[in-house]
Amino acid sequence: MRVIPLRAVPSQTLSVLLGRQNCQINVYQKSTGLFLDLAVYNKVIVRTVRCLDRLRIVRTAYQGFSGDLAFADLHGYDDPTYSGLGDRFQLLYLEDGES
């Protein structure tokens, strides 16, 4: 498991190497919650996925992404909001086989 560093801002984009995959991650707050887009080598894997506490984001191997992403609330069981990113709410990369 690896923590992907995020900042407490309403919208951010980062490039990160995850499991030997060049990934672009967009995390952004909307009025209905926090959302994430993921692309690998500029190919969209998931788009506009609502981020919920401890719920995997990609979920299916056929999407072309090795592993998965999930947010975790370190102080409870709330769904993430941008104001707690990097502190209370952490984005995790889970390699294949990790729970």
Side-chain angles (χ1 to χ4, degrees):
M1 182 178 345
R2 175 178 167 190
V3 175
I4 300 168
L6 296 175
R7 297 172 289 124
V9 296
S11 179
Q12 59 194 292
T13 300
L14 61 141
S15 295
V16 62
L17 187 65
L18 300 173
R20 296 184 301 233
Q21 304 164 103
N22 288 319
C23 302
Q24 300 78 42
I25 300 173
N26 299 321
V27 179
Y28 47 96
Q29 185 77 46
K30 292 185 169 196
S31 62
T32 54
L34 192 72
F35 290 83
L36 182 142
D37 303 331
L38 169 67
V40 176
Y41 299 107
N42 296 316
K43 178 186 172 209
V44 174
I45 304 299
V46 295
R47 181 176 285 149
T48 319
V49 175
R50 175 101 190 268
C51 302
L52 302 172
D53 183 47
R54 295 177 179 86
L55 186 65
R56 291 176 182 251
I57 292 171
V58 179
R59 301 184 202 148
T60 52
Y62 72 85
Q63 295 282 19
F65 179 66
S66 176
D68 212 329
L69 298 170
F71 276 91
D73 180 353
L74 301 182
H75 300 152
Y77 298 97
D78 290 336
D79 294 330
T81 58
Y82 84 88
S83 60
L85 292 176
D87 179 37
R88 178 177 180 175
F89 303 111
Q90 296 204 338
L91 178 58
L92 306 173
Y93 170 65
L94 307 166
E95 293 190 32
D96 287 334
E98 285 186 310
S99 54

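Residues V16 and L91 share a single hydrophobic cluster, defined by chaining ILVMFWY side chains whose heavy atoms lie under 4.5 Å apart. Criterion: ILVMFWY side-chain heavy atoms under 4.5 Å apart, direct or through other members. Under it, M1 and L6 are not part of a common hydrophobic cluster. Hydrophobic clustering, with ILVMFWY side chains joined whenever heavy atoms are under 4.5 angstrom apart, keeps L92 apart from V46. Both V58 and Y41 are assigned to one and the same hydrophobic cluster, defined by single-linkage of ILVMFWY side chains at heavy-atom distances under 4.5 Å. Grouping the Ile, Leu, Val, Met, Phe, Trp and Tyr side chains by contacts below 4.5 angstrom, directly or via other members, places L14 apart from V3.
Other residues sharing the hydrophobic cluster of F35, ordered by chain and number and joined by side-chain separations under 4.5 Å: Y28.
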F71/I57 under side chain to side chain contact (heavy atoms under 4.5 Å, CB included): CA gap, chis, key distance, verdict: CA-CA 9 Å; F71 276 91; I57 292 171; 4.1 Å; yes
Candidate pair K30 and T48, rule side chain to side chain contact (heavy atoms under 4.5 Å, CB included), full reasoning: CA-CA 10 Å; K30 292 185 169 196; T48 319; 4.1 Å; yes
Trace of the side chain to side chain contact (heavy atoms under 4.5 Å, CB included) decision for I25 with Y93: CA-CA 12 Å; I25 300 173; Y93 170 65; over 6 Å; no
Intermediate values then yes/no, side chain to side chain contact (heavy atoms under 4.5 Å, CB included), L38 and V49: CA-CA 9 Å; L38 169 67; V49 175; over 6 Å; no
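Taking a 6.0 Å sphere around OH of Y77, one finds it holds 12 or fewer heavy atoms contributed by other residues, nucleotides or ligands.
Summarising the geometry, atom CG belonging to L52 is positioned 4.5 Å from atom CG belonging to D79; distances are rounded to the nearest 0.5 Å. In this structure, the separation between NE2 on H75 and CZ on F89 is 9.0 Å, given to the nearest 0.5 Å. In this structure, CD on Q90 lies 10.0 Å from CG on L85, to the nearest 0.5 angstrom. Remark: L69 CG to C23 SG distance equals 7.5 Å, nearest 0.5 Å. Interatomic distance, T81 OG1 to Q29 CD, rounded to the nearest 0.5 Å: 6.0 Å.
A donor-acceptor pair is defined here as one N or O able to donate and one able to accept, closer than 3.5 Å; such a pair exists between the side chain of D53 and the backbone of D73. The backbone N or O of G67 lies less than 3.5 Å from a partner atom in the side chain of D96, making a donor-acceptor pair. The backbone N or O of L94 sits nowhere less than 3.5 Å from a side-chain atom of D68 that would complete a donor-acceptor pair. Within the 3.5 Å criterion, the main-chain N or O of A39 finds no donor-acceptor partner in the side chain of R47. Checking side-chain atoms of R2 against main-chain N and O of G19 turns up no donor-acceptor pair under 3.5 Å.
Smallest separation of non-hydrogen atoms from A8 and S83: CB-O, 3.6 Å.
Contacts classified as side-chain hydrogen bond (donor to acceptor under 3.5 Å, both in side chains) and involving residues 14-23 (residues at least two apart or in different chains) are not found.
For the pair D37 and V44, the minimum side-chain heavy-atom distance is 4.5 Å or more.
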